[in-house]
Every structure is written in C-alpha cells, then in structure tokens.
Amino acid sequence: MKSFLQHPLTRKTRRAIKIAVVLFAIIIATVVVTTVTVDLGPVLRERAEQEGSKFIQRPMHIGRLSVRLWSGRYVVEDLQIDGLTPQSRPYLTARHIEVSMPWSTLFNRRVVFDTIQMTDWSMYVETFPSSPDFPNGRHNFPRFTRGGAKGPSRWTTTLEYVRAYRGEFTYMDHGTPWSTVARNLDVVVTRTTEYRGSASFSDGTVTIQNYVPMRADMTSSFKIDGGKVLFDRIDLLTDGATSIVTGEVDLTRWPEQTYHVKSRVNFPRMREIFWAKDTFSLHGDGDFTGTFHLFRGGRELTGSFYSRQAGLNDYRFGDLQGSLIWVP
C-alpha cells in the first residue's frame, strides 16, 4: 500500500486533483464575486439623493443603490427626479440604471465611466407661457450644467458609452398648446474623437391644439459639442408628411433650439387632420422648406411652399407657391 501511494503516477494524479480543486475553487469564487450585488444601504443612498438634488436643484429620489463587486458596476433602481412642484408630473423616472466605472483608473487620477445604461424610463418636459411672475415663461428642465470659469484639475472624467432604451419622451407646450410623445425611444452615445450618437422612436404621437393627433416615427444622428446637441440628420415620418431635418439644441439655454426642415406634404391627409369636421376636399402634394425656432417665451415657424398642382374641390391651381410665418 505504501509503495502504491509513493508511486510516481499516483503522486501525479493527486497533484492533478489538487490543482483541479484549486482551479474549481477560484472559478466559483470569481463567479460569486463578480455576480454578487451588495446593497449600499440607506445612509449612502440618502447621501446620493442629497448630493444629486443639490446639484440639479430639484428633489431626486432613489429606490435602491447597490454595487456589483469586482466589476465596479453601480446599480440604481427606481430613480425619480421631481417636476416643478410636488403635484407636478415627475421630470424623469427610470426603473434601472447601471454605471460601470473601473476602479483601476482611479490610480491614474482618471474617472472613467465606460458604460452607462438606462432602461424602462420616462422623461416629461413641459414649458409654460409668460405670466406676471415669469415674463419669459418657464420650464421644468433641471439645471444639469454649471457656467463660469473652472480652475485646473489634476483629475479627468471620461464617458465612453451611454445607452438609454425602452424609453418614452414627452414634450408639452402649455402655451399653444401642442405636444409630442416619442415611444420606444432608444438613444446611444459613444465617444471616439468626439461624442456622437443616434436616437430613434416609433409609434409616437404629435398633437397640435384640438386637431386630430398624428402618428410619428423618427431616426436621427447627432454629435454633442459642449452643452449643444447638433443634429446632422433627422428622418421624420408623420401622418401625411415626410421630412428631412437638421438642427441644434442648446441644453444650457433650454428650450432654445432651431431646426431646418424640408418636407413633402400630402394635402388630402392634412385636410383630414386640421379640418376633420369639414366636407371640402384637397388635392395634390406640396414641398415646404423652412425653419422652426423654439425659444424661451415663444416659437416661430417661417418658410416657403410650392406645389406643382394643388386642388380645392374641383378647382386646380398649377405652380402654387408662397411663404408663411407662424408666431404665437
């Protein structure tokens, strides 16, 4: 028996078994460490709420704050940013947010957010007309940016990839009133030499005053330059119109934004939307080229239109053209 235990083949077999057991233990430990999520507790959660609320100057609430060990992935669940008043609809709700921040970069004084993902979210933005208390109107967009000169810092912050999907964005202008709801919204932003992104939604709705609501679908591409979002292409499909748009949104001066629009419009469908209760008929298609400017306290649409042949009931008008301006 002793000779068997001391046999070279037996010793190799025992050594192999030990190595296998150790490797198996390492694998199990790695799986446990990388998958276990640790609740950071009410103290850190409340501190995060306080600091977030202080920065955006708006109450912010977090249902649960946790971290996934080893990967440095932080998880925020049931986030809510309030509206202008406690009775107002929340500005943002998000069921799940994950932020990946490798700890190794901290040794080089670099804060790197390599991935931020937000799912099952809803954003509601509203603007109000001017009033004695607010001559230029007001809106519920929180203050995410800070102006003024900043001193040098030995730390750098980098954002590599952001995706927000299964979302819904609603914009409500109480002055006109008009609104748009972008459903199934998917937004992606990546960083190479600059921040570039894409956004798309489907089964959206555009409602202008008391007219018939219109369906809307959109795809777009953009880049982010400082506090501005620069759209180099927006393909917008709405009831009765197909539009190609470029534009600029200044997030530091919300709701400041300008869009340059080229649209192909179907007159019969426009009649069904804007004159739904009337019985006259329209005929033909037209092209519109113009600019839509939305600013604090107002809006303005200017442009020109042309139709090779337009019709009203039995009348036909060849080479119909003109210009328009729409103000509050």
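- Between the CE atom in Met214 and the OG1 atom in Thr205 there is a gap of 10.0 Å [rounded to 0.5 Å].
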Residues Asp203, Arg215; criterion salt bridge (Lys or Arg N to Asp or Glu O under 4.0 Å); working and verdict: CA-CA 6 Å; Asp203 194 24; Arg215 173 175 172 140; 3.6 Å; yes
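- Between Ser307 and Gly286 the shortest heavy-atom distance is CB-CA, 4.2 Å.
- Sorted by first and then second residue, the side-chain hydrogen bond (donor to acceptor under 3.5 Å, both in side chains) pairs involving residues 233-244 (not counting sequence neighbours) are Arg233-Asp235, Asp239-Arg269, Ser243-Ser263.
- Met123 and Leu294 fall within the same hydrophobic cluster, defined by Ile, Leu, Val, Met, Phe, Trp and Tyr side-chain heavy atoms under 4.5 Å apart, directly or through other members.
- Nearest heavy atoms, Leu185 versus Ala182: CB-O, 4.1 Å.
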Side chain to side chain contact (heavy atoms under 4.5 Å, CB included) evaluation trace for Thr302 with Trp326: CA-CA 6 Å; Thr302 61; Trp326 173 50; over 6 Å; no
CA sep, side-chain torsions, deciding dist, call: Arg196, Glu194, salt bridge (Lys or Arg N to Asp or Glu O under 4.0 Å): CA-CA 6 Å; Arg196 296 204 61 88; Glu194 59 186 358; 3.5 Å; yes
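- Taking the six-membered ring wherever Trp is involved, the centroid distance between the rings of Tyr171 and Trp178 falls below 6.0 Å.
- Checked for salt-bridge contact, Arg299 and Asp173 meet the test: a charged N lies under 4.0 Å from a carboxylate O.
- By the 6.0 Å contact criterion, CZ on Arg95 is open, its count of non-hydrogen atoms from other residues, nucleotides or ligands being 12 or less.
- Taking the side chain as every heavy atom from C-beta outward, Tyr165 and Asn184 never approach each other to under 4.5 Å.
- Across Phe280, Phe267, Tyr211, a single residue satisfies ring-ring contact (aromatic ring centres under 6.0 Å, His included) together with Phe274, and that is Tyr211.
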From CA spacing to verdict: salt bridge (Lys or Arg N to Asp or Glu O under 4.0 Å), Arg163, Asp186: CA-CA 7 Å; Arg163 186 183 182 193; Asp186 190 340; 2.7 Å; yes
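- Between atom CZ of residue Arg138 and atom OG of residue Ser131 there is a gap of 7.0 Å, rounded to the nearest 0.5 Å.
- Here Arg64 contributes atom CZ and Leu79 contributes atom CG; the two are 15.0 Å apart, rounded to the nearest 0.5 Å.
- A continuous path of hydrophobic side-chain contacts links Val212 to Leu282 [ILVMFWY only; heavy atoms under 4.5 Å].
- Within the 4.5 Å cutoff, no side-chain heavy atoms of Ser122 are placed close to those of Arg166.
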Val245 and His260: CA distance, side-chain angles, deciding distance, side chain to side chain contact (heavy atoms under 4.5 Å, CB included) verdict: CA-CA 6 Å; Val245 185; His260 305 287; 5.9 Å; no
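- The shortest non-hydrogen separation linking Ser130 to Pro135 is CB-O, 2.9 Å.
- Between the side chains of Ser221 and Asp232, at least one donor-acceptor pair of N or O atoms lies under 3.5 Å.
- Ring geometry for Tyr315 versus Phe317: interplanar angle under 30°, hence parallel rather than tilted (30 to 60°).
- Under the ring pair (Phe, Tyr, Trp, His ring centres under 6.0 Å) criterion, His61 pairs with no residue at all, not counting sequence neighbours.
- Remark: Arg264 CZ is packed, more than 12 non-hydrogen atoms of other residues, nucleotides or ligands lying under 6.0 Å away.
- Within 6.0 Å of CZ on Arg47 lie no more than 12 heavy atoms contributed by other residues, nucleotides or ligands.
- Counting heavy atoms from C-beta on, the side chains of Asp78 and Ile62 never come closer than 4.5 Å.
- Counting all heavy atoms, side chain and backbone alike, Asp278 lies closest to Arg271 at O-NH1, 2.9 Å.
- With a 4.5 Å cut-off on side-chain heavy atoms, Leu251 and Phe141 count as touching.
- Counting heavy atoms from C-beta outward, Met118 and His96 have side chains that stay 4.5 Å or more apart.
- The closest side-chain heavy-atom distance from Thr170 to Glu126 is not below 4.5 Å.
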Steps toward side chain to side chain contact (heavy atoms under 4.5 Å, CB included) verdict (Val187, Phe222): CA-CA 11 Å; Val187 181; Phe222 59 88; 4.3 Å; yes
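- With hydrophobic clusters built from ILVMFWY side chains whose heavy atoms lie under 4.5 angstrom apart, Val265 shares a cluster with Leu301.
- With hydrogens and angles disregarded, a donor-acceptor distance shorter than 3.5 Å links the side chain of Ser220 to the backbone of Ala199.
- Annotation: side chain of Arg253 is not in contact with side chain of Arg296 (no heavy-atom distance under 4.5 Å).
- To the nearest 0.5 Å, atom CH2 of residue Trp275 and atom OG of residue Ser281 are 12.5 Å apart.
- Here the straight-line distance linking atom CE of Met172 with atom CG of Asn140 works out to 12.0 Å at 0.5 Å rounding.
- Note on Trp121 and Ile81: same hydrophobic cluster, where clusters join Ile, Leu, Val, Met, Phe, Trp and Tyr whose side-chain heavy atoms are under 4.5 Å apart, directly or indirectly.
- Annotation for Asp314: atom CG does not count as buried by contact number, only 12 or fewer foreign heavy atoms lying within 6.0 Å.
- Under the 4.5 angstrom side-chain criterion for Ile, Leu, Val, Met, Phe, Trp and Tyr, the cluster partners of Ile325 are Val327.
- Contact check for Trp254 versus His139: side-chain heavy atoms found under the 4.5 Å cut-off.
- In the hydrophobic clustering of ILVMFWY residues, with side-chain heavy atoms under 4.5 Å counting as a link, Ile208 and Leu237 come out apart.
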Stepwise side chain to side chain contact (heavy atoms under 4.5 Å, CB included) check, Tyr91 with Val125: CA-CA 6 Å; Tyr91 164 76; Val125 177; 3.8 Å; yes
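- Pairing each heavy atom of Gln257 with each of His293, the nearest pair is O-CD2, 3.4 Å.
- If you take CG on Asp114 and CZ on Arg191, they are separated by 12.0 Å, rounding to the nearest 0.5 Å.
- Annotation: Asn210, atom CG; neighbour count of heavy atoms from other residues, nucleotides and ligands within 6.0 Å does not exceed 12.
- A side chain to side chain donor-acceptor pair (under 3.5 Å) with Tyr306 is found for exactly one of Asp287, Asp319, Thr289, namely Asp319.
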